[in-house]
> 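The structure under discussion is supplied below as structure tokens; questions concerning it will follow.
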Amino acid sequence: MNTETFPNVTGKTFQLAPASTLTGSVQVPGDKSMSHRSIMFGAIATGVTEVSGFLEGEDSLHTLDAFKSMGVKIERGGPGEVTLYGQGVAALKPASEAIYLGNSGTGMRLLTGLLAGMDIPATLTGDASLTGRPMRRIVDPLSQMGAKIGTGEGGTPPLVIAKSGTLSAIEYVCPLASAQVKSAILLAGLHASGTTTVHEPAITRDHTERMLRGFGVDVTVNGLTASIVGGQHLTATSLTVPGDISSSAFFLVGASMTPGSKLTLTGVGMNPSRTGVIDILRLMGADIAIENQRITGGEPVADLQVTGSKLKGIAVPEELVSLAIDEFPAIFVAAASAEGQTIVTGAEELRVKETDRIQVMADGLRALGADITDTPDGARITGGRLSGGTADSCGDHRTAMSFAMASLISDGPITVLDCDNVNTSFPGFAQIAKRSGLNIQELPASN
Ligand code: S3P
């Protein structure tokens, strides 16, 4: 790596030589969204909740530590096994220090709703990325319910939740498609007086609604409207977290866009609010077979068999955007391989993820030789081969792993900078990717 050109580089780098196919079988780690929720719900339930398949990534471990700091007994067993000894909401006590949630928007937004509803004061903070992310989207509706939440300047963290007494239910028309906003309000509504209702503009992931039901809570869903009656208690349960389709996405893209690839992804969560990436890749001509469909822990799961081919550019249907919101960095790479132009619109939420993912992907792919124009709500990408070079992930786990997959369509080597945060969602990514066919090396931080 040329540290003269990138003097401020932080974190480890991925060094990749060109590769041509992905083969074999991959089991990706547990679903991040469900792992967060399994801790939150197990911690406030009454009884012993056993979780298997838990994602031992930094994000979900921060949520686990948060509840430990509020007095909940939580034990970690073998890989992916967590036991929570819940004693109900009344047993939770305020943490003695600020709760650090690392890189995780889900951790912060859902915990804010939950704690505000339970009237537990707390200060929530995070890393440089998280402390720059918008929180008014949850603070405004929670304040309407009576919560007292202070923010930093510009509505960003730290969030300071003060005691407010019992919250009142609201009916909220959500201006944006966000499972985090929906979940924060429903979790506050769990302990509010009255029935809290959220209307969404588009389908977003429904793990909160499904998992709460698994814990014995009555959540009503009617199309894009979800309601919860306050004052319900959670009863402990056992649950298995399926493999994360968002982590599978890198491999789905890598194998789909390279003729000669033959890759199986086992135990992938197939919740219909998350499968947009499969629909989008299929529209681009990908050959993805869905096999062994089953239900695990109230969620559909399947094995995916991917056969590589040459993809073609498409206009991504806007109704698929919220169903694939975390997969766009990988989809941009698929588009960079495809014949013709791919147009992404209606995806402005990408600009407020762990990074501005439109900007980071456009800058990085351009640096690798792609023809890409970023637009306020998406991008236009004309596919072909890449030449290689250095792409800066800017500390975003999903852009880092996407740029790594770009080595499958590159004629020259690729260096990906600032890759430490891959551990937030996919510990062991480089090893698994190497076993499947990437020529990837992880280099420690150089300064
Ligand atoms: C998540 C919801 C999505 C997603 C995030 C996880 C969740 O965020 O991007 O990675 O677990 O609820 P938004 O609700 O902000 O779209």
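As the structure lists them, so they are numbered: ligands from 1, and atoms in each ligand from 1.
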> Can you give me a line-by-line list of nitrogen or oxygen pairs between ligand 1 and the protein shorter than 3.5 Å?
residue, atom, partner, partner atom, Å
ligand 1, 8 (O), Q180, NE2, 3.4
ligand 1, 8 (O), K353, NZ, 3.2
ligand 1, 9 (O), D326, OD1, 2.6
ligand 1, 9 (O), D326, OD2, 3.4
ligand 1, 9 (O), K353, NZ, 2.7
ligand 1, 10 (O), D326, OD1, 3.4
ligand 1, 10 (O), D326, OD2, 2.7
ligand 1, 11 (O), S33, OG, 2.7
ligand 1, 11 (O), R37, NH1, 2.8
ligand 1, 12 (O), R37, NH2, 2.7
ligand 1, 14 (O), S178, OG, 2.7
ligand 1, 14 (O), A179, N, 2.9
ligand 1, 14 (O), Q180, N, 2.8
ligand 1, 15 (O), K353, NZ, 3.3
ligand 1, 16 (O), K353, NZ, 3.0

> For residues Y172 and H199, establish whether the separation of their ring centroids is below 6.0 Å.
no
> Which value, rounded to the nearest 0.5 Å, describes the distance between T275 atom OG1 and L304 atom CG?
10.0 Å
> Regarding T264 and Q305, do their side chains bring together a donor and an acceptor under 3.5 Å, going by distance alone?
yes
> Might you work through the ring-ring contact (aromatic ring centres under 6.0 Å, His included) test for F426 and H397, ending with a clear yes or no?
CA-CA 8 Å; F426 202 151; H397 55 137; over 10 Å; no
> Rounded to the nearest 0.5 Å, what's the gap from CZ on R109 to CZ on R133? Could you check?
5.0 Å
> Does K12 offer a backbone N or O that forms a donor-acceptor pair with the side chain of D420 under 3.5 Å?
yes
